[in-house]
Amino acid sequence: MVKKRILSGMRPTGKLHLGNFHGALMNWIELQNNDDYDCFYFVADWHALTSEYNNTGLIKENITDMVIDWFSTGLDPAKSTIFIQSSIEEHAELFLILSMITPLSWLERNPTYKEMKAELADRDLSTFGFLGYPVLQSADIIMYKANGVPVGVDQLPHIELTREIARRFNFLYKEVFPIPEPILTNVPKLLGIDGRKMSKSYENSIYLADRGDVLKSKVGAMFTDPQRKRRSDRGRPGLCNVFAFHQIYSPSGEVDEISTECKRAGIGCIDCKKRLASRISEKMEPVHERQDYYRSHLKEVEEIIAEGNKKAGNIARMTMEEVREAVRI
Ligand code: TRP
Ligand code: SF4
C-alpha cells in the first residue's frame, strides 16, 4: 500500500508551551504512529525571518529548544523525517518558481496576512517576504508531494492558497503535484494563565519545560470561574480553565469528583490547583527526563537533524528535477 504523505512545520519560537503541545504536536505524534502515513515535520526558520528579520539572534537557539521539545514528547526520528527548512535550499528555488505564477491578488486578500500584520503592528511588515509567506509555505508542502497537512484553523487560508498554487502549476506546466488536504483535529481549548489565548508574547504560558515551583506558582496564578470569588461560592467548572486542564491531566474519576465538589463549593480553588499542578508534574516527568537527556547530548540532536536533512534533501532534489523539466528551465 502506498502511504499517504503528511507534512507540517512550525516556526522556531523556542520552548513549546502546553498550548503548542496539545494544539499541534500531539497531533503530529499521533499521525506519525499511524502506519498509513509517512510523516515529514520541519522547522520553518525562513518563515521566522518574515517577521523577525530585524531580530535574528535567537533563531538558532530557538530551533534547538523547539526540536528538543519535539523529541522529548515523542516525535520520533526513526518514524518521521525531521528537518530544517533552511538546510534544504530547494525550498527557496521552488518558492521562486511558484512566486512567478502566484497572482498578487491571491496574497493580498489572504485573511491571515491581514490579521498577522495587525497583530504585529510594532514592526514594519510591508515587505515582499511577508506578503509571500504563503508562497514559501506552499513550496514547503508540495516539495514533498504532501497529501495531508495537519494545521490549526488559523492556517486554513494558507492551505487553500497552496491548493490553488499547486493546481495552477499543474495546469500551466505538467501534473506534478497532488493537491494537499488540510487535516484539522479537535484540540482542547486550553487558555493561558490569564484566561487569554496561550501565547509566548502574552507571557501567560505554561511551558513543557516548567516543573517544580515554577509550575506550581503558574498553576496557582491561573484564572478560575470569575464568579467564584469566595471559598463558599459555588463554581462552574465548565467556565473554568483549571477544570479544562484537569480534563486532560487527571483521571476521569477525579475529574468527576472535582466537577461535583466545585459545583457545591466542596473544594476550594487553591486545593483544586494544587492537585492540578501535581497531575501535570506527574504526566510531564518522563518528558522532563528526556529534555535533560537531550540538553546534555546536543551533539546527538545535531546528528538526528543532519540525518533528517539528508532524507528530506533527497526527496527535494528529485522533486526539483521534475519541476525544472516541467517548466523547461
Ligand atoms: N505557517 C505555519 C505556522 O505559522 C508554519 C508553516 C510553514 C507550515 N510552512 C508550513 C505549516 C508548511 C504547515 C505546512 O504555523
Ligand atoms: Fe475551577 Fe477548580 Fe475553582 Fe472549580 S474549584 S472554579 S474547577 S479552580
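Counting convention: from 1, in listed order, for ligands and their atoms alike.
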Any chance the side chains of [X] and [Y] put a donor and an acceptor closer than 3.5 Å?
X    : Y    : answer
H288 : E285 : no
H17  : D210 : no
D69  : Q291 : yes

For ligand 1, indicate whether the residue [X] contacts it via side chain, backbone, both or neither (heavy-atom separation under 4.0 Å).
X    : value
L136 : neither
F42  : side chain
V149 : side chain

Nearby protein N/O/S atoms (those under 2.8 Å) for atom 2 (Fe) of ligand 2, with water ignored: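 N, O, S partners closer than 2.8 Å: C272 SG.
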
Aromatic ring pairing F169/F177, orientation class (parallel under 30°, perpendicular over 60°, tilted between):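 The arrangement is perpendicular - the two ring planes meet at more than 60°.
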
Whether F40 and F83 hold their rings parallel, tilted or perpendicular, with breakpoints at 30° and 60°: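 Because their plane-to-plane angle is over 60°, the rings of F40 and F83 count as perpendicular.
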
Whether over 12 other heavy atoms sit under 6.0 Å from K189 NZ: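 Atom NZ in K189 is not packed in, count stays at 12 or less.
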
[atom]: which protein heavy atom is closest, and how many Å away?
atom                   : result
atom 9 (N) of ligand 1 : D140 OD2, 2.8 Å
atom 8 (C) of ligand 1 : Q137 NE2, 3.5 Å
atom 5 (C) of ligand 1 : G9 O, 3.6 Å
atom 5 (S) of ligand 2 : R228 NH1, 3.0 Å
atom 3 (C) of ligand 1 : Q155 NE2, 3.4 Å

Counting from 1, what ligand 1 atoms have a heavy atom of [X] closer than 4.0 Å?
X   : value
R11 : 4 (O)
L7  : 12 (C), 14 (C)
H47 : 7 (C), 9 (N)
A44 : 7 (C)

Which donor-acceptor pairs under 3.5 Å do side chains of residues 22-32 form with protein atoms, sequence neighbours excluded?
| unit_1 | atom_1 | unit_2 | atom_2 | d |
| --- | --- | --- | --- | --- |
| H22 | NE2 | Y249 | OH | 2.7 |
| N27 | OD1 | T185 | OG1 | 3.1 |
| N27 | ND2 | T185 | OG1 | 2.2 |
| Q32 | OE1 | D76 | N | 2.6 |
| Q32 | OE1 | S80 | OG | 3.0 |
| Q32 | NE2 | G74 | O | 3.1 |

Y202 six-ring centre to R196 NZ/CZ under 6.0 Å and within 45° of normal: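 Yes, a cation-pi geometry holds between R196 and Y202.
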
If every non-hydrogen atom of [X] is compared with every non-hydrogen atom of [Y], which pair is closest and at what distance?
X    : Y    : value
L184 : V151 : CD2-O, 3.2 Å
A265 : R231 : O-NH1, 2.7 Å
M66  : R11  : SD-O, 3.4 Å

F21 and its side chain to side chain contact (heavy atoms under 4.5 Å, CB included) partner, picked from L208, V287, L16: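 Of the listed residues L208, V287, L16, the side chain to side chain contact (heavy atoms under 4.5 Å, CB included) partner of F21 is L208.
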
Residues N170, R167; criterion side-chain hydrogen bond (donor to acceptor under 3.5 Å, both in side chains); working and verdict: CA-CA 5 Å; N170 289 347; R167 277 194 212 103; over 6 Å; no

Heteroatom distance test (Y133, ligand 1): nitrogen or oxygen, under 3.5 angstrom: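 Between Y133 and ligand 1 (N or O atoms, distance only) the closest approach is under 3.5 Å.
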
Polar contact flag for H158 and ligand 1 (N/O pairs, less than 3.5 Å):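 There is no such contact.
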
